[in-house]
Amino acid sequence: MSDASRFKSDFLREFTARGCLYDCTDPEALDALFARERVTAYIGFDCTAPSLHVGSLVQLMTLRRLQQAGHRPILLMGGGTTKIGDPSGKDETRLLLSDQQIESNKQSIVKGIQHLLKFGEGPCDAIMADNAEWLDRLEYIPFLRDIGRHFSVNRMLTMDSVKLRLEREQPMSFLEFNYMIMQAYDFVELYRRYGCRLQSAGSDQWGNIVSGIDLGRRVENAQLFGLTTPLITTASGAKMGKTAAGAVWLNADQRSPYEYWQFWRNTEDNDVGRFLRLFTDLPLAEIARLERLEGAELNHAKIVLANEATAMLHGRSIAEEAAETARRTFEEGTFAEGLPTFALKLPDGVLNLAVATGLAASNSEARKLIANNGLRLNDVAVSDPRLQVDESALTPEGVLKLSSGKKKHVLVRPP
RNA sequence: GGGGGAAUGUCCCGAGUGGCAAAGGGGGCGGACUGUAAAUCCGCUGGCUUAGCCUUCGUAGGUUCGAGUCCUACUUCCCCCA
């Protein structure tokens, strides 16, 4: 699947060369379709949280690359399917969200990723849809007769999303069992509404995609396609986008642009080239050059990666600010205004400050951090957990820098 | 319907003779070494007003000076017989 030269279409050549392609139904026919006409394609995102995280970035990049190659992407928000919950890859049923929660998550998600795609009325402007528009209105009996009859329960039981749950003896409700059918129906509905021919997603969605393709053939006699991207892990094998502090959210109000920049800056050496290809728009030749850097020189490539990834999500000037904050903090070791800042009243104990700024989860954890020589106040290690911090500790700039370890720094500025 | 087994530190896996804040991993955090990398080594890893106190071993009761450990009931899951 990695040989880009076998494709004729610009999109699939580029997509493959960047390491985005995992699997594809009928690659030859899809390639021909891409080469021949403007293709409408979609990816669905459920609204389970107020923000997507880095784990969804490959999918978002797919939509972006489709658009760049002159095709038309559909961003499908799962306002309806989120009410059911996707069982794929999960051992346990997810908590059900309220309709209001789903709606508010949807708004927030869309806001967070607006820079990645160009929406509008043009021929390859992105379209936003919400499957609640059609799923909420389904009538049970007609739906079962028109759509349900095309699904074989025997076959559904063999799909990984269901099979794995059954094999591991984890309960699966009938509600979740229906998720696959809803997703399949989405594909058909998007075909009817927008002439959508392709669904893309992560490789764990293969079964759901194929179900949609089958359904399209049966009810619309349409030839639909599926394209999956690899599950991205780091070179050390960890799932990407999960850090100790939790998921790497895309929305700025959950993970500041500076922290987002830092996330990319801390990429492992062995991931730099791959991540540049997957997560930036830089030309492949430029990436090849950056990737050849060795030793400490590779840090330059990581900075480029952080700049590009942050600029794409938040805009170029915000990325530059983040880069400058990082440069001042790490290269000069000085105070940088762009660090996460907390307004806290000042005569206070260090333990309280560490907890209030999120550097420690509890007083006990803060004590342990101090015992391990890991907490620093204005770059000086704190040795006494009972230390009281007052205004005299403020720098000339009127702030206080508190650090946990070498990398996590925050500022405290009294109100 | 009958019989047997399992549930442990709210990240995961997992040991646990009646004295247990509970072995050992993984993961995570901190330190050393570095390049804000990896690998390696060391420390920490329930909470609090931290020489002490409080809350934890599926749920609810009970026996005991003392229960993760014994008894009873319940819940969920696994295996066997019908």
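Values below: every heavy atom of this structure, side chains too, minus hydrogens, waters and symmetry copies. Per chain, numbering begins at 1; letters A, B, ... match sequence-line order.
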Partner of [N] by Watson-Crick or G-U wobble geometry, both contacts under 3.5 Å, or none?
| N | value |
| --- | --- |
| B:rC44 | B:rG28 |
| B:rA51 | none |
| B:rU75 | B:rA7 |
| B:rU63 | none |
| B:rC33 | none |

In whole angstroms, how far is the [atom2] atom of [N] from the [atom1] atom of [X]?
| X | N | atom1 | atom2 | answer |
| --- | --- | --- | --- | --- |
| A:Glu331 | B:rG35 | CD | P | 13 Å |
| A:Arg376 | B:rG30 | CZ | P | 10 Å |
| A:Glu297 | B:rU36 | CD | P | 13 Å |
| A:Asn373 | B:rC44 | CG | P | 15 Å |
| A:Leu359 | B:rC29 | CG | P | 13 Å |
| A:Leu339 | B:rU36 | CG | P | 16 Å |
| A:Tyr258 | B:rU36 | OH | P | 13 Å |
| A:His300 | B:rA37 | NE2 | P | 18 Å |

Side chain of [X] only, please: which of [options] is the nearest?
| X | options | value |
| --- | --- | --- |
| A:Ser404 | B:rG30, B:rU36, B:rC48 | B:rG30 |
| A:Leu298 | B:rC48, B:rG35, B:rC44 | B:rG35 |
| A:Ser362 | B:rC29, B:rU36, B:rG47 | B:rG47 |
| A:Lys407 | B:rU36, B:rG35, B:rG47 | B:rU36 |
| A:Asn363 | B:rC48, B:rU36, B:rG31 | B:rC48 |
| A:Arg367 | B:rU45, B:rU49, B:rC29 | B:rU49 |
| A:Asn372 | B:rG43, B:rA37, B:rC29 | B:rG43 |
| A:Lys302 | B:rU36, B:rA37, B:rG43 | B:rA37 |
| A:Lys368 | B:rG30, B:rU45, B:rA38 | B:rU45 |

| said: Counting distance alone, no hydrogens or angles: does the base of B:rU36 have a donor or acceptor under 3.5 Å from a partner atom on the side chain of A:Thr329? | reply: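 Flag unset: no donor-acceptor pair detected.
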Would you mind checking if [Y] and [X] are paired as a salt bridge, meaning a charged N to carboxylate O distance below 4.0 Å?
| X | Y | result |
| --- | --- | --- |
| A:Lys368 | A:Glu365 | no |
| A:Lys83 | A:Asp136 | yes |
| A:Glu337 | A:Arg328 | no |
| A:Arg13 | A:Asp10 | no |

| What is the minimum heavy-atom distance between A:Ala201 and A:Ile209, and which atoms define it? |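 Minimum heavy-atom contact is CB-CD1, 3.8 Å.
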Rounding to the closest angstrom, what is the interatomic distance between [N] and [M] at atom [atom1]?
| N | M | atom1 | value |
| --- | --- | --- | --- |
| B:rA67 | B:rU17 | C1' | 14 Å |
| B:rA6 | B:rU69 | C1' | 15 Å |
| B:rG16 | B:rG24 | P | 14 Å |
| B:rA22 | B:rA60 | C1' | 23 Å |

| Starting at the 5' end of RNA chain B, which residue's closest nucleotide do you reach first, A:Leu351 or A:Asn299? |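 Upstream on the strand: A:Asn299.
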| said: Between A:Leu369 and A:Glu365, which residue's closest nucleotide on RNA chain B lies nearer the 5′ terminus? | reply: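 Result of the comparison: A:Leu369.
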| For B:rC12, does the glycosidic angle fall within 90° of 0 (syn) or outside that (anti)? | anti
| Quick one: is B:rG30 close enough that its OP1 or OP2 comes under 4.0 Å of any side-chain N or O from A:Lys408? |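 Checking A:Lys408 against B:rG30: at least one side-chain N or O falls below 4.0 Å of OP1 or OP2.
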| query | Within less than 4.0 Å of OP1 or OP2 of B:rG31, is there a side-chain N or O belonging to A:Lys406? | reply | yes
| For the residue pair A:Tyr258 and A:His409, is the inter-centroid distance of their aromatic rings smaller than 6.0 Å? |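 Not close enough - the centres of the two rings lie 6.0 Å or further apart.
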| Do the ring centers of A:Tyr185 and A:Phe143 come within less than 6.0 Å of each other? | yes
